[in-house]
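Worksheet: one structure, shown below.
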Amino acid sequence: MPELPEVEQVRRELAPFLEGARVRDVELRRANLRTPFPPEFRERLLGQTVRALERRAKYLLASLSSGETLVMHLGMTGEFKVDVGRPDADPVAPDRHDHVIFTLDSGTRVTFNDARRFGFMDLVAAGALDAHPTIGGLGPEPLSEAFDAVALAQALRGKRTPIKVALLDQAVVAGVGNIYASEALHVARLSPFRKAATLATPAGAPRETTGRLATAIRQVLQQAIARASRAGYRGARFRVYDRAGEPCLRRGCGGTIRRRTQAGRSTFWCPVCQR
DNA sequence: ATTGAGACCTGTCGGC
DNA sequence: TGCCGACAGGTCTCAA
């Protein structure tokens with residue numbers, strides 16, 4: 001499911017069940033997701049209390065009483081199901097894509113389901129998060145103070161790739177995915193095919209367009225988070241994503257949304273108002 | 001050093 | 001109905 005807003009929504013839904021809860025059992029229904037589970041994964045989790053459930057980019061981070069961090073990624077299709085087990089209820093037969101089942105002291109069961117298995121879980125030692133191969137290389141969190149026109153210009157400086165492709169690079173901005181990259185560029189009125197480096201001066205300073213894009217990225221992510229708490233991903237409506245052939249929604253534009261493949265991913269844009 | 005293509009998986013949908 | 005290809009919200013690895 002997930003780009004940053006959807007992962008944030010998962011975090012908010014899961015946090016009340018996990019935070020403060022102690023892990024009574026962990027059932028691994030297979031040996032790997034995208035990568036193998038770390039050694040002694042189950043044993044290292046047993047008896048631990050989840051101090052907090054946080055998010056970094058598209059990663060969920062459960063900090064544990066030992067100081068370790070349980071890192072979880074949902075890939076394309078990962079989701080969590082919560083079963084507040086009632087003693088008299090019949091146990092639910094696991095789905096064939098239920099891969100990890102956490103049982104908490106309360107009896108609540110949290111199940112990780114992931115059809116495509118592009119997700120993963122890892123257990124990281126205290127203080128080693130920044131050295132983690134995936135977490136360590138992440139760029140600024142787009143909804144934090146660290147992300148602004150200056151940071152964006154710096155990251156795009158000299159990049160030859162199209163701006164849409166650059167936005168998918170998690171070292172540039174952490175958490176933007178294929179949908180919100182297209183959405184943000186439409187809000188910013190910038191063509192997805194524009195060379196990334198044109199959004200910075202040769203020295204790496206921001207331009208007017210850089211500020212527009214940084215603002216647009218924050219805006220689409222924030223709106224999606226606000227909407228996700230009510231509608232959910234499926235009901236979400238996008239400005240351009242998956243709207244090829246339909247009219248541009250910008251007032252007075254009159255353009256028609258088009259679709260084209262960039263770096264193997266679908267890009268949607270309005271050729272009239274995005275320059 | 002960057003950048004693009006392919007790989008990893010399963011499910012769904014449209015066309016014939 | 002069945003089969004087949006295209007496509008799906010992500011990221012890693014490998015070769016140019």
Side-chain angles (χ1 to χ4, degrees), chain A residues 1-11 29-37 55-60 71-80 94-100 112-122 132-139 142 154-186 192-198 200 204 217 220-221 223-225 227-228 231-245 258-269:
Chain A
M1 311 203 305
E3 294 184 31
L4 185 154
E6 294 72 37
V7 177
E8 176 59 20
Q9 180 60 20
V10 169
R11 189 198 68 75
R29 307 193 65 248
R30 53 176 304 122
N32 66 291
L33 296 171
R34 191 177 82 213
T35 58
F37 290 102
R55 179 191 57 73
R56 172 78 168 100
K58 303 170 194 171
Y59 297 84
L60 287 168
V71 177
M72 300 178 281
H73 195 286
L74 304 176
M76 291 274 234
T77 51
E79 61 178 359
F80 286 96
D95 177 90
R96 75 194 218 88
H97 298 303
D98 287 349
H99 305 310
V100 185
F112 180 71
N113 180 285
D114 183 5
R116 289 177 77 177
R117 273 184 270 130
F118 285 177
F120 80 87
M121 292 190 190
D122 198 2
H132 192 271
T134 67
I135 307 281
L138 292 172
Q154 198 64 44
L156 297 178
R157 174 187 187 182
K159 269 198 175 288
R160 297 230 240 284
T161 46
I163 183 61
K164 155 65 164 40
V165 177
L167 290 181
L168 296 182
D169 180 349
Q170 300 298 294
V172 172
V173 210
V176 173
N178 199 43
I179 290 181
Y180 296 111
S182 283
E183 294 293 288
L185 287 166
H186 183 255
F193 308 105
R194 181 193 266 263
K195 219 173 76 171
T198 66
I217 289 169
V220 296
L221 296 179
Q223 284 181 355
I225 289 172
R227 197 173 38 204
Y233 207 89
R234 283 233 139 133
R237 311 188 52 168
F238 302 117
R239 294 167 171 83
V240 289
Y241 186 82
D242 207 21
R243 293 193 62 244
R258 292 176 56 185
R259 171 189 178 281
R260 184 180 297 175
T261 299
Q262 284 185 291
R265 320 288 308 274
S266 287
T267 295
F268 296 87
W269 87 107

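Below, read A as the first sequence line, B as the second, and so on, with proteins coming before strands; counting in each chain starts at 1.
- Protein atom NZ of K195(A) is 12 Å distant from nucleotide atom P of dG4(B), rounded to whole Å.
- Nucleotide dC9(B) holds its P atom 11 Å from the CG atom of L33(A), rounded to whole Å.
- In this structure, K58(A) places its NZ atom 10 Å from P of dC12(C), rounding to the nearest Å.
- Residue-level contact check: A263(A) touches neither bases nor backbone, having no heavy atom under 4.0 Å from any strand.
- Side-chain nitrogen and oxygen atoms of R34(A) include none within less than 4.0 Å of the OP1 or OP2 phosphate oxygen of dC9(B).
- Side-chain atoms of A115(A) lie closest to dG11(B) of the nucleotides dG11(B), dA8(C), dT3(B).
- Using a 4.0 Å cut-off, no side-chain N or O of T77(A) falls inside it from OP1 or OP2 of dG11(B).
- Both T261(A) and R265(A) sit near DNA chain C, but only T261(A) has its closest nucleotide nearer the 5' end.
- Between R116(A) and dA8(C) there is no side-chain polar atom (N or O) within less than 4.0 angstrom of OP1 or OP2.
- For dC9(B), neither phosphate oxygen OP1 nor OP2 lies less than 4.0 angstrom from any side-chain nitrogen or oxygen of H97(A).
- With a 6.0 Å radius and a threshold of 12 heavy atoms from other residues, nucleotides or ligands, R29(A) has its CZ atom above the threshold.
- Between the P atom of dG10(C) and the CE atom of M72(A) lies a distance of 18 Å, rounded to the nearest Å.
- With centres under 5.5 Å and a plane angle under 30° as the test, the ring of F118(A) is not stacked against the base of dT11(C).
- Using a 4.0 Å cut-off, some side-chain N or O of Q170(A) falls inside it from OP1 or OP2 of dT11(C).
- Under the 3.5 Å distance criterion, the side-chain polar atoms of Q262(A) are left unmatched by any main-chain donor or acceptor of K164(A).
- When the nucleotides dG4(B), dT11(C), dC7(C) are ranked by their closest atom to the side chain of R259(A), dC7(C) comes out on top.
- A sub-4.0 Å separation between OP1 or OP2 of dA1(B) and a side-chain N or O of K159(A) is absent.
- Using N1 to N3 plus N6-O4 or O6-N4 for Watson-Crick, or N1-O2 and O6-N3 for G-U wobble, each under 3.5 Å, dC9(B) pairs with nothing.
- Classified by interplanar angle (parallel below 30°, tilted 30° to 60°, perpendicular above 60°), the ring pair H73(A)/F120(A) is parallel.
- Side chains of V10(A) and P2(A) form no contact here, defined as non-hydrogen atoms less than 4.5 Å apart.
- Within 4.0 Å (heavy atoms only), R160(A) reaches sugar-phosphate atoms of the nucleic acid but no base atom.
- Here the P atom of nucleotide dG10(C) and the CD atom of E6(A) are 9 Å apart, to the nearest Å.
- Under the 3.5 Å distance criterion, with hydrogens and angles disregarded, no donor-acceptor pair is assigned to the side chains of T77(A) and R116(A).
- Taking atom CG of L60(A) as the reference point, atom P of dG10(C) lies 14 Å away to the nearest angstrom.
- Following rounding to the nearest Å, H99(A) (NE2) and dC9(B) (P) show an atom-to-atom distance of 11 Å.
- H99(A) places a side-chain N or O within 3.5 Å of a backbone atom of H97(A) that can act as its donor or acceptor partner.
- If you take CG of D114(A) and P of dA8(C), they are 18 Å apart, rounded to a whole angstrom.
- Contact between the side-chain N/O atoms of R96(A) and the OP1/OP2 oxygens of dG11(B) is found at a separation under 4.0 Å.
- Nucleotides dC9(B) and dC3(C) are separated by 24 Å at their P atoms, to the nearest Å.
- Contacts of S266(A) with the nucleic acid, taken as non-hydrogen atoms under 4.0 Å apart, involve only primed sugar atoms and P, OP1 or OP2.
- One P atom belongs to dA1(B), the other to dT11(C), and the distance between them is 23 Å to the nearest Å.
- The phosphate of dG10(C) (OP1 or OP2) has no side-chain N or O of H73(A) nearer than 4.0 angstrom.
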